[in-house]
Amino acid sequence: MTNPRGTTRAVALALVVIAVLIAIAAAAVPVYVQTRLAAALRASLGARRVAVTVRAGPRAALAGRFDRLILTAEEFRAGALPIQRLHADLTGVELDRGRLQKGGELVLRHLEAGTAEATVTEAGLQEFLASGGTLHNVQVRLAGGEATVRGTIRILAADVSAMMRGTFVIRDGRRVVFQVREISIGNIPLAPDIGRALSAAMNPLVTADDFPIPLRFTEVSASDGELVLRAEAAR
């Protein structure tokens, strides 16, 4: 004869186990999505490290909709500019789930708002300027809101020392450029217009289109050996 108490306890235990399994599955879905997002970003950016955190219910996460998405990517290139670190905090995000699952592509369908900050080191700027081919033996110093660039340029088969000092400026919220205010070649001061012509080859340093999310630059600062770009994110 079946013991009613034993049956009740078994049913209760089964319900508890089912509830725990459902809770575990619900928690696992965002983690799975975070992993897929991080892998897609790492592949598209060629970044050394990517971390992603999402805030969303299980169904919304599987559908590619997130109340909040926080991402950090380290050591990649935005266009030709080496980025040390990008941190973005986004809200109201919707991704193309099909393209993410099938091809690992990160395609943004909707974004309400967000902020982003990208950091560039002196070494990164040196690498960027040297890749232009005009300036050699490049040295960059970022301090006091400005940049001092030293190197050599080729004039009539001779290497001549050059120095430029200037600031970084945002154009139309879409581009960041280096604006020369002081230049000398061979220790001879020259007109700033010549510096602007010399720096034209390296401008813009970066554009909003070079990043994986839609950005509008709002602030740029140069100090303590770093160039920091701040932006609003929205679509």
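The chain is numbered in sequence order, starting from 1. Quick caveat, the model's predicted, so the values are computed rather than measured.
Between atom OG1 of residue T121 and atom CD of residue Q126 there is a gap of 8.0 Å, rounded to the nearest 0.5 Å. One finds the CG atom of L90 at 7.5 Å from the OG1 atom of T115 (value rounded to the nearest 0.5 Å). Interatomic distance, D210 CG to L45 CG, rounded to the nearest 0.5 Å: 11.0 Å. Note that CZ of R49 is 12.5 Å distant from CG of L41, once rounded to the nearest 0.5 Å.
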Checklist entry - Checking side-chain contact (heavy atoms from CB on, under 4.5 Å) for the pair V206/F211: CA distance, chi angles, key distance, verdict? => result CA-CA 9 Å; V206 70; F211 290 87; 3.7 Å; yes
Next on the checklist: For a side-chain contact (heavy atoms from CB on, under 4.5 Å) check, start with the C-alpha distance between L95 and L37, then their side-chain angles and the critical distance, and finish with the verdict.
Outcome noted: CA-CA 10 Å; L95 303 177; L37 281 172; 3.1 Å; yes
Checklist entry - Between T207 and R174, does a side-chain contact (heavy atoms from CB on, under 4.5 Å) hold up when you go through it step by step? => result CA-CA 6 Å; T207 73; R174 304 285 301 167; 5.9 Å; no
Next on the checklist: Please determine whether salt bridge (Lys or Arg N to Asp or Glu O under 4.0 Å) holds for the pair R48 and E74, giving the CA-CA distance in whole Å, both sets of side-chain angles, and the decisive distance to 0.1 Å.
Outcome noted: CA-CA 6 Å; R48 183 183 66 83; E74 297 179 354; 3.0 Å; yes
Checklist entry - side-chain contact (heavy atoms from CB on, under 4.5 Å) between L227 and T119: does it pass, once the steps are laid out? => result CA-CA 6 Å; L227 177 68; T119 302; over 6 Å; no
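Taking 4.5 Å as the limit, some side-chain heavy atom of L86 sits within range of a side-chain heavy atom of F76. In this structure, L135 and I153 have side chains that are in contact, with non-hydrogen atoms separated by less than 4.5 Å. Put simply, the side chain of L81 reaches to within 4.5 Å of the side chain of V120, judged on heavy atoms. When side chains are defined from C-beta on, R171 counts as touching Q179, because their heavy atoms get closer than 4.5 Å.
Heavy-atom minimum distance, T91 versus L111: O-CD1, 3.5 Å. Across every non-hydrogen atom of R175 and F217, the tightest pair is N-CD1, 4.0 Å. Residue V220 comes nearest to F168 through the heavy atom pair CG1-O, 3.3 Å, listed as atom of the first residue, atom of the second, then distance. Closest non-hydrogen pair, V138 versus V140, comes out as CG1-CG2, 4.0 Å. Of all non-hydrogen atoms in L108 and P214, the two that sit nearest each other are CD2-CD, 3.3 Å. When every heavy atom of A222 is checked against every heavy atom of L142, the shortest pair comes out as CB-CD2, 4.1 Å.
Here R230 pairs with E117 in a salt bridge; the nearest charged N to carboxylate O distance falls below 4.0 Å. The pair R65-E94 does not meet the salt-bridge criterion, since no charged nitrogen lies less than 4.0 angstrom from a carboxylate oxygen.
More than 12 heavy atoms of other residues, nucleotides or ligands lie within 6.0 Å of CD in E75, so this atom counts as buried by the packing criterion.
Each of V177 and I170 belongs to its own hydrophobic cluster when Ile, Leu, Val, Met, Phe, Trp and Tyr are linked at side-chain heavy-atom distances under 4.5 angstrom. Residues V149 and V160 share a hydrophobic cluster, clusters being chains of Ile/Leu/Val/Met/Phe/Trp/Tyr side chains in contact below 4.5 Å. Placement of V228 and L205 in two distinct hydrophobic clusters is found when ILVMFWY residues are connected by side-chain heavy-atom separations under 4.5 Å, directly or transitively.
Residue pairs satisfying the salt bridge (Lys or Arg N to Asp or Glu O under 4.0 Å) criterion with at least one member in residues 138-160, sequence neighbours excluded, are listed as follows: E122-R141, E146-R165, E146-R181, R154-D159.
Side chain of Q84 to main chain of G124: no donor-acceptor pair is present (N/O by atom type, distance under 3.5 Å, no hydrogens or angles).
None of I70, L69, T53 except one satisfies the side chain to side chain contact (heavy atoms under 4.5 Å, CB included) rule with D89; the exception is I70.
There is a side-chain donor-acceptor pair under 3.5 Å between N137 and T152. For S184 and N187, the side-chain atoms include no donor-acceptor pair closer than 3.5 Å.
R77 is linked by a salt bridge (charged side-chain N to carboxylate O under 4.0 Å, His left out) to E127, counting only residues two or more places apart in sequence or in another chain.
Residue M163 belongs to no hydrophobic cluster, having no ILVMFWY side-chain heavy atom closer than 4.5 Å to its own.
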